[in-house]
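What follows is a short report on a single structure.
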Amino acid sequence: MERNETIDESKTTVVIPTELLDDFKHLAIDMKTTVTALIVESMRLYLQEIKKK
């Protein structure tokens with residue numbers, strides 16, 4: 001996802017297990033991105049998989 005894309009965004013609060021969040025933080029640093037971007041991409045991929053079934 002490019003920075004200059006126009007997207008509708010909503011903020012929400014979720015409870016994420018600490019171990020999982022720590023893994024996402026480390027991955028975000030390694031990939032030079034944000035935890036939010038990783039979570040959004042994960043959610044998109046999950047929905048694609050669910051729709052295939």
Side-chain angles (χ1 to χ4, degrees):
M1 180 169 50
E2 293 184 26
R3 277 256 178 223
N4 43 354
E5 283 184 28
T6 302
I7 44 177
D8 291 331
E9 293 180 339
S10 296
K11 287 190 176 189
T12 189
T13 301
V14 295
V15 177
I16 301 173
T18 303
E19 184 177 310
L20 186 58
L21 182 58
D22 287 345
D23 288 344
F24 268 87
K25 286 179 181 178
H26 291 294
L27 184 59
I29 291 168
D30 292 344
M31 295 179 69
K32 296 181 181 173
T33 188
T34 64
V35 172
T36 300
L38 291 176
I39 291 172
V40 168
E41 184 63 21
S42 298
M43 292 171 74
R44 284 191 178 123
L45 292 172
Y46 178 77
L47 285 175
Q48 286 176 359
E49 281 298 314
I50 293 297
K51 289 178 181 179
K52 285 181 185 177
K53 294 181 180 181

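Treat the numbers as computed from the prediction; the structure is a model and nothing was measured.
- In this structure, Val40 is not a member of the same hydrophobic cluster as Met31, with clusters built from ILVMFWY side-chain heavy atoms closer than 4.5 Å.
- With Phe24 as the partner, the side-chain contact (heavy atoms from CB on, under 4.5 Å) test is satisfied by one option alone out of Leu38, Thr34, Ile16: Leu38.
- Atom OG1 of Thr18 sits about 11.0 Å away from atom CG of Asp23, to the nearest 0.5 Å.
- Under the 4.5 Å side-chain contact rule for hydrophobic residues, Ile29 and Leu27 do not share a cluster.
- Within the model, atoms CZ of Arg44 and CD1 of Ile39 stand 13.0 Å from one another, a figure rounded to the nearest 0.5 Å.
- Under the 4.5 Å side-chain contact rule for hydrophobic residues, Tyr46 and Leu21 do not share a cluster.
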